[in-house]
> 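Dumping the structure here so I can ask a few things about it.
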Amino acid sequence: MEKKVRVRFAPSPTGGLHLGGVRTVLYNYLFAKQLGGEFILRIEDTDQTRFVPGAEEYIQECLAWCGLTPDESPLHGGPYAPYRQSERKEMYRQYAEQLVAQGNAYYAFDTPEELDEMRVKFKTEENTSPQYNLQVRNKMRNSLTLSQGEVKQLLAEGVPYVVRIKMPENETISFTDMIRGDVEFNSSLVDDKVLLKGDGMPTYHLAVVVDDYSMKITHAFRGEEWLPSAPVHILLWKYLGWYKEMPQWAHLPLIMKPDGHGKLSKRDGDRLGFPVFAMNWTDPKTNELTTGFRELGFLPEAFINMLAVLGWNDGTEQELFTIDELIERFSMEKVHKGGAKFDFEKAKWFNHEWIKRTPATAFKPQVKKLFEENNIQVEDEAKFEQVLETVKERCTLLPDFVQQASFFFKAPQTLDVASVKPKWNEDKARFFDIVCEKFTVLEDWTASGIETLFKETATEKAIKVGELQLPFRIMLVGGKFGPTVFDIAALIGKVETIDRIKYALTQF
RNA sequence: GGAGCGUUGGUCAAGGGGUUAAGACACCUCCCUUUCACGGAGGAAUCACGGGUUCGAUUCCCGUACGCUCUACCA
């Protein structure tokens with residue numbers, strides 16, 4: 001019987017959740033759900049110096065907004081709790097000691113100053129950043145160079161130390177990446193990474209394998225930036241005796257900045273004017289607020305859809321996918337190998353498409369809140385919904401609704417008189433007087449009824465309908481925007497329509 | 001410097017030994033519409049470069065260039 005699929009997303013709670021992070025969550029989630037597996041959220045908070053209060057709750061909220069709820073997490077709990085590495089501290093030390101006992105790792109007593117010294121001492125033209133590896137470890141203070149007695153003594157004295165992995169000489173370490181195929185490394189070229197830090201906390205390298213093992217993770221997906229340290233992880237799985245349980249790896253391509261080169265960062269968003277975080281994030285230290293996709297007015301469906309196809313494509317022409325379709329079609333093998341530059345215009349296009357295809361009831365609450373913030377009162381819920389339906393095809397972001405729809409509930413404060421004035425004349429003013437009179441007695445107050453009457457009257461007065469539509473629009477909405485004028489008139493009602501015309505006539 | 005990974009129009013990308021090399025976003029032109037949007041028609045690539053292999057390579061192999069990631073007691 002096949003093992004039950006279990007995947008995990010393991011962020012550090014250090015700040016806002018980045019686009020790339022959400023995409024990693026998404027691919028994990030899609031993969032798990034497709035195979036009837038479980039998706040776990042694990043918090044990697046082993047670096048106490050980088051801990052940011054609120055970041056963990058923020059991540060949970062982002063996942064909830066995206067609809068990518070984990071099956072197990074610090075919040076939900078689960079059979080492999082705890083899901084916070086800081087709460088699993090003791091279990092890592094045991095394995096670090098095991099590795100030392102087996103001769104696969106060693107104690108290193110070098111101080112940070114000594115390490116800095118080493119880095120300048122061994123720096124050469126050919127080796128600009130010397131590493132703590134099989135050559136230099138013989139020249140440092142560790143349990144490989146010190147006598148047993150000295151080591152014991154140091155340990156007894158409580159001198160701080162770290163545990164480093166002892167990389168073997170000239171071995172080929174290889175594995176099959178689900179996206180990249182076979183990848184090979186020569187062990188001599190990999191450094192002796194720290195496994196257990198001076199404060200007793202594990203580094204990522206130790207923690208990720210211990211936790212993936214103990215949580216029975218079957219597939220491990222992470223960003224491409226982890227590829228160079230993969231050999232360390234592979235070796236750890238071997239040394240700990242768990243190699244047959246090792247998850248299948250996939251290293252996801254990076255999301256790059258739109259201009260120039262490099263990984264997309266929060267600063268690029270600030271600089272180029274688009275969000276990088278899923279939701280608003282306020283740095284608790286500086287109080288600096290970074291706008292997120294949610295608050296900018298993205299629908300979670302659109303956000304997810306956009307991210308899914310940034311680096312993945314099912315081979316057909318389809319671009320718009322529901323989450324269920326994504327679950328059905330997703331395949332790790334079809335994920336692109338190269339990084340993708342983020343295109344905010346395309347992201348907005350996805351949102352526009354999703355607003356068009358989503359029933360207004362779904363985003364009505366958010367839009368209503370936006371209206372309230374702009375002092376526009378909505379009493380008639382049914383009308384509100386109808387209005388949203390009729391204007392949604394011209395809204396890209398949720399806040400666009402306030403410009404596109406507020407005039408349905410509130411007469412325009414200012415009229416774009418300048419757009420009417422040049423072609424305005426007495427005949428046209430007369431036309432609107434007459435139209436008002438006819439409106440008063442019009443029984444069929446529907447868009448088509450109004451349109452018919454309006455056009456008939458125009459014909460009678462021998463004025464081109466086209467020349468009257470723009471003034472009519474300005475009268476009703478105040479500017480050159482909004483849906484078809486007759487639809488607007490029908491929705492705001494007879495009395496309001498006539499009022500607005502009468503008022504506008506005093507302004508033209 | 002080293003290691004690893006990557007490279008199809010401006011961007012996201014399909015495809016894959018023989019094709020007119022899909023599609024989408026953006027951009028430009030036009031149509032529709034005297035608002036905006038939608039919708040419709042049209043416009044751009046000798047598939048990084050150089051060698052092979054082959055009857056034939058954008059597709060396979062090898063180099064080169066370029067880019068990215070890593071090179072912390074951060075993840």
Side-chain angles (χ1 to χ4, degrees), chain A residues 10-12 14 44-47 49-50 108 110-112 115 119 123-133 160-164 177 179-180 183-186 188-191 193-205 207-208 222-231 251 253-254 256 258-263 306 309-320 334 336-350 352-353 356 391-396 400 403-404 416 419 423 464-470 472-474 477 479-485:
Chain A
S12 291
T14 54
E44 309 224 335
D45 55 351
T46 54
D47 186 0
T49 63
R50 293 209 312 162
D110 317 278
T111 63
L115 291 174
R119 287 186 189 108
K123 185 168 178 172
T124 59
E125 291 270 316
E126 309 82 59
N127 187 1
T128 56
S129 57
Q131 303 185 55
Y132 204 119
N133 60 13
Y161 66 91
V162 301
V163 173
R164 286 182 180 270
D177 186 282
I179 298 173
R180 291 152 214 286
V183 184
E184 284 193 352
F185 297 86
N186 182 318
S188 297
L189 273 4
V190 182
D191 62 325
K193 290 264 187 276
V194 170
L195 265 20
L196 201 67
K197 298 187 269 192
D199 63 0
M201 280 289 195
T203 58
Y204 172 82
H205 307 294
V208 74
R222 64 206 331 185
E224 191 187 352
E225 68 267 28
W226 290 108
L227 208 39
S229 54
H251 290 87
L254 268 15
M256 317 291 274
D259 62 338
H261 300 286
K263 262 203 292 201
M306 173 274 286
V309 299
L310 191 60
W312 169 84
N313 180 290
D314 77 342
T316 70
E317 286 184 12
Q318 185 171 344
E319 287 197 282
L320 263 14
K334 279 192 154 310
H336 231 245
K337 296 180 180 71
K341 288 183 183 170
F342 178 64
D343 181 355
F344 188 50
E345 290 306 317
K346 184 87 184 218
K348 285 194 289 189
W349 176 79
F350 277 105
H352 188 26
E353 290 300 316
K356 283 196 287 179
V391 305
K392 71 181 187 185
E393 77 170 15
R394 58 204 79 210
C395 294
T396 298
D400 293 347
Q403 203 218 24
Q404 291 295 332
D416 180 6
S419 295
K423 289 189 167 181
K464 278 191 218 146
V465 181
E467 295 207 9
L468 295 163
Q469 285 199 38
L470 184 64
F472 193 26
R473 168 176 301 281
I474 304 283
V477 321
K480 293 198 255 187
F481 49 86
T484 312
V485 263

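Bear in mind that the values here come from a model prediction, so they are computed numbers and not experimental data. In what follows, chains carry the letters A, B, and so on, assigned in the order in which the sequence lines appear, proteins first and then strands, with residues in each chain numbered from 1.
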> Using whole Å, report how far CD of A:Q404 lies from C1' of B:A37.
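In whole Å, B:A37 C1' and A:Q404 CD are 8 Å from each other.
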> Among the nucleotides B:C5, B:U35, B:C12, which one has an atom lying closest to any side-chain atom of A:R394?
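Given the options B:C5, B:U35, B:C12, the side chain of A:R394 is closest to B:U35.
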> Considering only heavy atoms and no angle criterion, is a donor-acceptor pair shorter than 3.5 Å present between the side chain of A:K346 and the base of B:A24?
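Side chain to base: pair found, below 3.5 Å.
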> How is A:M256 classified with respect to the nucleic acid when contacts are heavy atoms under 4.0 Å: base, sugar-phosphate, or nothing?
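Here A:M256 touches the backbone only, sparing every base.
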> Please give, in whole Å, the distance from B:C38 P to A:D400 CG?
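Nearest whole value for this atom pair: 12 Å.
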> Does any part of the side chain of A:E44, heavy atoms only, come nearer than 4.5 Å to the side chain of A:P202, both counted from C-beta?
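In short, these two side chains do not touch, never coming nearer than 4.5 Å.
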> Count the heavy atoms belonging to other residues, nucleotides or ligands that lie under 6.0 Å from NZ of A:K356, then report whether that count exceeds 12.
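Yes, the 6.0 Å shell around NZ holds more than 12 heavy atoms from other groups.
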> Which is true for A:P483 with a 4.0 Å heavy-atom rule: it touches a base, it touches only sugar-phosphate, or it touches nothing?
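Base, at least one base atom sits under 4.0 Å.
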> Name the residue closer to the 5' end of RNA chain B, choosing between A:G479 and A:A340 according to the nucleotide with the nearest heavy atom.
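Here A:A340 is the residue nearer the 5' end.
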> Rounding to the closest angstrom, what is the interatomic distance between B:G63 and B:G23 at atom P?
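Here B:G63 and B:G23 have their P atoms 36 Å from each other.
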> Take nucleotides 70-75 of chain B nucleotide by nucleotide from the 5' end and write B, S or -, depending on whether a protein heavy atom sits under 4.0 Å from the base, only from the sugar-phosphate, or from neither.
SB-BBB
> When the distance from CG of A:L320 to C1' of B:C38 is rounded to whole Å, what number comes out?
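Between C1' of B:C38 and CG of A:L320: 15 Å.
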> Touch check for A:H352, heavy atoms < 4.0 angstrom, all strands: base, sugar-phosphate only, or nothing?
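The answer is sugar-phosphate, as A:H352 gets under 4.0 Å only of primed atoms, P, OP1 or OP2.
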> Whole angstrom is fine here: how far is it from CD in A:Q403 over to C1' in B:C36?
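Checked: the CD to C1' distance equals 9 Å.
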> Would you say the side chain of A:K480 lies within less than 4.5 Å of the side chain of A:I474, judging by non-hydrogen atoms?
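SC-SC contact between A:I474 and A:K480 confirmed.
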> Can you tell me, in whole Å, how much space there is between the C1' of B:C47 and that of B:G6?
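Roughly 15 Å separates the two C1' atoms.
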> Look at the side chain of A:T14 and the backbone N and O of A:R50, then say whether any donor-acceptor pair between them is shorter than 3.5 Å.
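Side chain of A:T14 to backbone of A:R50: no pair is present.
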> Heavy atoms under 4.0 Å, any strand shown: does A:V183 hit a base, just sugar-phosphate, or nothing?
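Counting heavy atoms under 4.0 Å across all strands, the contact made by A:V183 is with sugar-phosphate only.
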> Using a cut-off of 4.0 Å on non-hydrogen atoms, how would the nucleic acid contact of A:V190 be classed: base, sugar-phosphate, or nothing?
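Nothing, no heavy atom under 4.0 Å.
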> Write down the distance separating the C1' atoms in B:G9 and B:C28, rounded off to the nearest Å.
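The answer is 15 Å between these two C1' atoms.
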> Using modelled atom types only, decide if a donor and an acceptor are shared between the side chain of A:D343 and the backbone of A:E345 within a distance under 3.5 Å.
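Yes, the answer is positive, given that a donor and an acceptor are paired below the 3.5 Å cut-off.
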> Would you say that A:R394 contacts A:D400 through its side chain, given a criterion of any heavy-atom pair below 4.5 Å between the two side chains?
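The answer is no, as the side chains (C-beta and beyond) never meet within the 4.5 Å cut-off.
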> Students often get this wrong, so: under 4.0 angstrom with heavy atoms, is A:Q318 touching a base, only sugar-phosphate, or nothing?
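Contact class for A:Q318: none.
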> Expressed as a whole number of Å, how far does the P atom of B:G56 sit from that of B:G51?
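Between the two P atoms, the distance is 15 Å.
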> Please classify the nucleic acid contact of A:G482 as base, sugar-phosphate, or nothing, using heavy-atom distances under 4.0 Å.
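Result for A:G482 = base.
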> If you pin A:W349 and A:K337 to their nearest nucleotides in RNA chain B, which one's is more 5'?
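Final value for this comparison: A:K337.
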> Rounded to whole angstrom, note down the C1' distance from B:U58 over to B:U8.
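Here B:U58 and B:U8 have their C1' atoms 8 Å from each other.
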> Given atom NZ of A:K480 and atom P of B:U35, what is their separation to the nearest angstrom?
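That distance rounds to 9 Å.
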> On a whole-Å scale, what distance lies between the C1' atoms belonging to B:A26 and B:U69?
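Approximately 29 Å lies between the C1' atom of B:A26 and that of B:U69.
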> Heavy-atom distance under 4.5 Å between the side chains of A:L470 and A:K423, does that happen here?
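Sidechains of A:K423 and A:L470: no contact.
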> Taking the side chain as C-beta and beyond, is there a heavy-atom pair between A:R164 and A:K193 under 4.5 Å?
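No - every pair of side-chain heavy atoms lies 4.5 Å or more apart.
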> Looking only at atom P, what distance separates B:U46 and B:A22, rounded to whole Å?
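B:U46 and B:A22 have their P atoms separated by 14 Å.
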> Answer yes or no: is there a donor N or O on one side and an acceptor on the other, between the side chain of A:D177 and the main chain of A:H251, under 3.5 Å?
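The answer is yes, because a donor-acceptor pair under 3.5 Å joins these two groups.
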> Using a 4.0 Å heavy-atom cut-off across all strands, classify A:K392 as base, sugar-phosphate, or nothing.
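Here A:K392 touches no strand at all.
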> With sugar-phosphate meaning primed atoms plus P, OP1 and OP2, does A:K123 contact a base, only sugar-phosphate, or nothing at under 4.0 Å between heavy atoms?
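Here A:K123 touches no strand at all.
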> With a 4.5 Å cut-off on side-chain heavy atoms, are A:V208 and A:W226 touching?
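Not in contact.
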> In dot-bracket form, how is RNA chain B paired, counting a Watson-Crick or G-U wobble pair only if both its distances are under 3.5 Å and using | for bases paired to another strand?
(((((((..(((.....[....))).(((((.......)))))....(((((..]....))))))))))))....
> With sugar-phosphate meaning primed atoms plus P, OP1 and OP2, does A:F185 contact a base, only sugar-phosphate, or nothing at under 4.0 Å between heavy atoms?
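Sugar-phosphate: the residue A:F185, judged by heavy atoms under 4.0 Å, touches backbone atoms but no base.
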> So if I take every side-chain heavy atom of A:N313 and compare against B:G23, B:G39, B:A14, which nucleotide ends up nearest?
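My answer, after comparing the listed nucleotides, is B:A14.
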> In whole Å, what is the span from the CG atom of A:D416 to the C1' atom of B:C36?
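A:D416 atom CG is separated from B:C36 atom C1' by 13 Å.
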> Measure from the side-chain N and O atoms of A:R119 to the backbone N and O of A:P130, and report whether any donor-acceptor pair falls under 3.5 Å.
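Side chain of A:R119 to backbone of A:P130, a donor-acceptor pair under 3.5 Å: no, none is there.
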> Which whole-number value in Å describes the distance from A:L254 CG to B:G6 C1'?
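Taking atom C1' of B:G6 as the reference, CG of A:L254 is at 11 Å.
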> May I have the distance from A:D343 (atom CG) to B:A13 (atom P), rounded to whole angstrom?
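So the CG-P distance, A:D343 to B:A13, works out to 11 Å.
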> When the P atoms of B:C32 and B:G40 are compared, how many Å lie between them, rounded to an integer?
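My reading of the P atoms in B:G40 and B:C32 gives 16 Å.
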> Does A:R473 reach the main-chain N or O of A:P483 with its side chain, forming a donor-acceptor pair under 3.5 Å?
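Checking the backbone N and O of A:P483 against the side chain of A:R473, a donor-acceptor pair under 3.5 Å is found.
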